[in-house]
Amino acid sequence: MPVRQLSESLINRIAAGEVVERPASVVKELIENALDAGANRIEIVTDGGGRRLIRVTDDGEGMTRADLALAVDRHATSKLDDDDLLQIRTLGFRGEALPSIGAVARLSITTRHTSEPHAWVISVEGGVKSDVKPAALSEGTRVEVSDLFYATPARLKFLKSDRSEAEAVREVVRRLAMSRPEVAFTLAGDERAPVTWGAALPGTTGRLTRLADVLGAEFRANAVEIQGEREGVAVEGYAGLPTLSRANALGQYLFVNGRPVRDKLLIGVVRAAYADYLPRDRHPLVALFVTLPSREVDVNVHPAKTEVRFRDNGLVRALLLHALKDALARDGQRASSTGGTATIAAFSPAALPRRGWDWRRSPARPGGAFGSAVAAAREPVSEFVEVAQAAFDVGTAAAVARVEVTEPAADLLDKPLGAARSQVHDTYIVAQTRDGLVIVDQHAAHERLVYERMKAAHEQTGVARQILLIPEIVELDSADIDRVLARAEELARFGLVLEPFGPGAVAVRETPSMLGEIDSRALVRDLAEHMAEWDEALPLERRLLHVSATMACYGSVRAGRRLKSEEMNALLRAMEETPNSGQCNHGRPTYVELKLSDIERLFGRR
């Protein structure tokens, strides 16, 4: 087959295949153009998930007639001052977006520059552009894209449902809105109710306000500020407390020089930073903004500009990891505010079960004034009475339903976790503060305390060991025995000494002294199960954290153990002095705080 030159229209369609993957790709390119034009307000309207219509309107500086005619030609851009591709300071740069969109859809651009007496409009259909004509527009630019992929019908088959495409558009707008809090965004379409994110104040306050608007008020109430700088690279942003986690990593956002990107670096860094707080199947919410010289990052890696490549990948990773760990250690004693909110919500009338004794159905004495009054009152009584009565239906009394009550120590009421008042069900400590009360899960709290002591001991002098008078024999299958004995040296660092004991068993010779009496058999079996999920790529530090967390769980105060008043207060004081005590090793909160004002509202006192 002879070599031939491709036509301009075919070249544009090939380029469009790289840049325009779906409606969300078009929305991303058009919003980035609006931001580069200095827009303060951007409105996005879609129809049919974007396949029928995409309209993006902004109040930016607009284009002159000459610029508009050139903007729809391939390899034309206003985003580069010269030919230096290492000095890219804008969001767009490839010069292929508008002609690529016009090659596969019907494109119309109406724009007005402040130096022009009126607006101008140009249209492109299937790669064929019209003449520039006068138009009416007060300011900025309005771009309309209709019948997306009409010129390449095969691409339509790969699009998902309108709802799915609309959700992809929404995610693109969310990311760009988070990157520019000073810009107001409005998103509307037939698939959703209109949503507006108003312009926020500059600085960290405005950034957190925009993140709360996009990610929810729950994130704002449970976010810790991230800051760090090293060798000209700076990172800012916010990360959610470990107790505010999700089942997937979709709530993790990275921005490089204001550009939203998806990078495996972030996922690895976040996983390492939260390794001390969350199990592997839970993921935190983070939004990190990295700023560095443009020559230190290559943004010309992916046609859709969603990936970047750092010149010094190790520097950026170390900075992000250090900043996250510092912030989590600083605020590690906080527990998520969602615990208290969920507790209050659980006591709301709508959440209470409709069961228990109903006085309206109880037999009334026939005749007499009292019987008549009851009969007359049966119909108009509110259903709230039935629901409220259900709160007192506690079911059958449990054998462990004991409450130990102690008098509060006045000097302890001003402590962050207050003074211990009682122990409920031999599991939960109820403490009183000056402005509320605190409920502590004694096992989860002590588990974190033991874990932190074990880590500190391992880093300083090593974990002290106690020799068992009679070794514990643990039976395991051959695969588990091989795994455990292969890690025997690592386990010994934490005071757990194992030896082979014939076929199908290992002997526990020594255990960590700080754990006291523990169930060695269950501990070794649990460690063997965890090791089955490890691979050689898992860093040694992560493996050691797994070991110490598992040991801490077995060496902590168990639920069901009755504590004295002195023991309860000692646990509270230790929590106040221990880093990361707001959550256990599995990411669950160790305590829930209820403010007195919330409790008063619950009972209608406010």
For A239 and V286, which heavy atoms make the closest approach, and how far apart are they?
CB-CG1, 3.6 Å
Taking it one step at a time, do T291 and N257 satisfy side chain to side chain contact (heavy atoms under 4.5 Å, CB included)?
CA-CA 5 Å; T291 305; N257 289 346; 3.8 Å; yes
Do M63 and L70 pass the side chain to side chain contact (heavy atoms under 4.5 Å, CB included) test, and can you show the C-alpha distance, the side-chain angles, and the key distance before you say yes or no?
CA-CA 10 Å; M63 290 181 284; L70 192 60; over 6 Å; no
Between R51 (side chain) and S146 (backbone), is there a donor-acceptor pair under 3.5 Å?
no
Over all heavy atoms of both residues, which pair between S108 and V121 is shortest? Give the atoms and the distance, please.
OG-CG2, 3.8 Å
Atom pair CG/CD of L285 and Q252 - distance to nearest 0.5 Å
8.0 Å
Counting heavy atoms not belonging to D131, are there more than 12 under 6.0 Å from its CG?
no
What distance do E43 atom CD and D58 atom CG have between them, rounded to the nearest 0.5 Å?
11.0 Å
Test your reading of the model: is there a side-chain donor-acceptor pair from R311 to the backbone of R295, 3.5 Å cut-off?
yes
Carboxylate-amine/guanidinium proximity below 4.0 Å for E116 and R65
no
Side-chain touch L292/V256, heavy atoms, less than 4.5 angstrom
yes
About how many Å separate CG of L176 and CZ of R259, when rounded to the nearest 0.5 Å?
10.5 Å
Interatomic spacing from OG1 in T46 to CZ in R170 - rounded to 0.5 Å:
12.0 Å
Do Y238 and T204 have side-chain heavy atoms sitting under 4.5 Å apart?
yes
Charged N-O contact under 4.0 Å between R175 and E171
yes
Which atoms form the tightest heavy-atom contact between F149 and E21, and what is the distance?
CZ-O, 3.9 Å
Residue pair L324 / L288, side-chain heavy-atom distance below 4.5 Å:
yes
If you draw a 6.0 Å radius around CZ in R163, do more than 12 non-hydrogen atoms from other residues or ligands fall strictly inside?
no
List the steps, then state whether salt bridge (Lys or Arg N to Asp or Glu O under 4.0 Å) holds for E218 with R246.
CA-CA 13 Å; E218 187 180 77; R246 298 288 184 266; 3.2 Å; yes
Using only atom types and a distance under 3.5 Å, with no angle test, would you say the side chain of D59 pairs donor to acceptor with the backbone of N40?
yes
Is it the case that the side chain of R448 and the backbone of S581 share a donor-acceptor pair, with hydrogens and angles ignored and the cut-off at 3.5 Å?
no
One should read off an interatomic distance between T111 OG1 and E139 CD, to the nearest 0.5 angstrom, of 10.5 Å
When you look at F158 and R22, which way does the side chain to side chain contact (heavy atoms under 4.5 Å, CB included) test go after all the steps?
CA-CA 9 Å; F158 294 92; R22 60 192 308 185; over 6 Å; no
Would you say the side chain of Y253 lies within less than 4.5 Å of the side chain of L211, judging by non-hydrogen atoms?
no
Beyond-backbone contact of V145 with L30, side-chain heavy atoms, under 4.5 angstrom:
yes
One pair to check against side chain to side chain contact (heavy atoms under 4.5 Å, CB included): V173 and W197. What are the steps and the verdict?
CA-CA 10 Å; V173 178; W197 296 302; 3.5 Å; yes
What's the separation between atom CD in E61 and atom CG in D36, rounded to the nearest 0.5 Å?
10.0 Å
Close side-chain approach of F219 to V214, heavy-atom, < 4.5 Å
no
Check whether any side-chain heavy atom of R220 lies under 4.5 Å from a side-chain heavy atom of L215, and answer yes or no.
no
Checking E125 against R106 for the salt bridge (Lys or Arg N to Asp or Glu O under 4.0 Å) test, could you report, in this order, the C-alpha distance in whole Å, the side-chain angles of both residues, the deciding distance, and whether it holds?
CA-CA 5 Å; E125 293 192 12; R106 294 183 171 88; 3.6 Å; yes
Min side-chain heavy-atom separation I31-L35 under 4.5 Å:
yes
Any side-chain to backbone donor/acceptor pair from R210 onto A177? Under 3.5 Å, distance only.
yes
Side-chain (K129) to main-chain (A69) donor-acceptor, under 3.5 angstrom:
yes
Closest non-hydrogen atoms of G50 and L148, given as atom of the first, atom of the second and distance, are O-CB, 4.2 Å
Would the distance check show the side chain of D147 and the main-chain N or O of Y150 forming a donor-acceptor pair, the cut-off being under 3.5 Å?
no
Least distance between heavy atoms, G228 atom then L319 atom:
C-CD1, 3.8 Å
For residues G206 and P181, report the shortest heavy-atom separation together with the two atoms involved.
O-CB, 3.8 Å
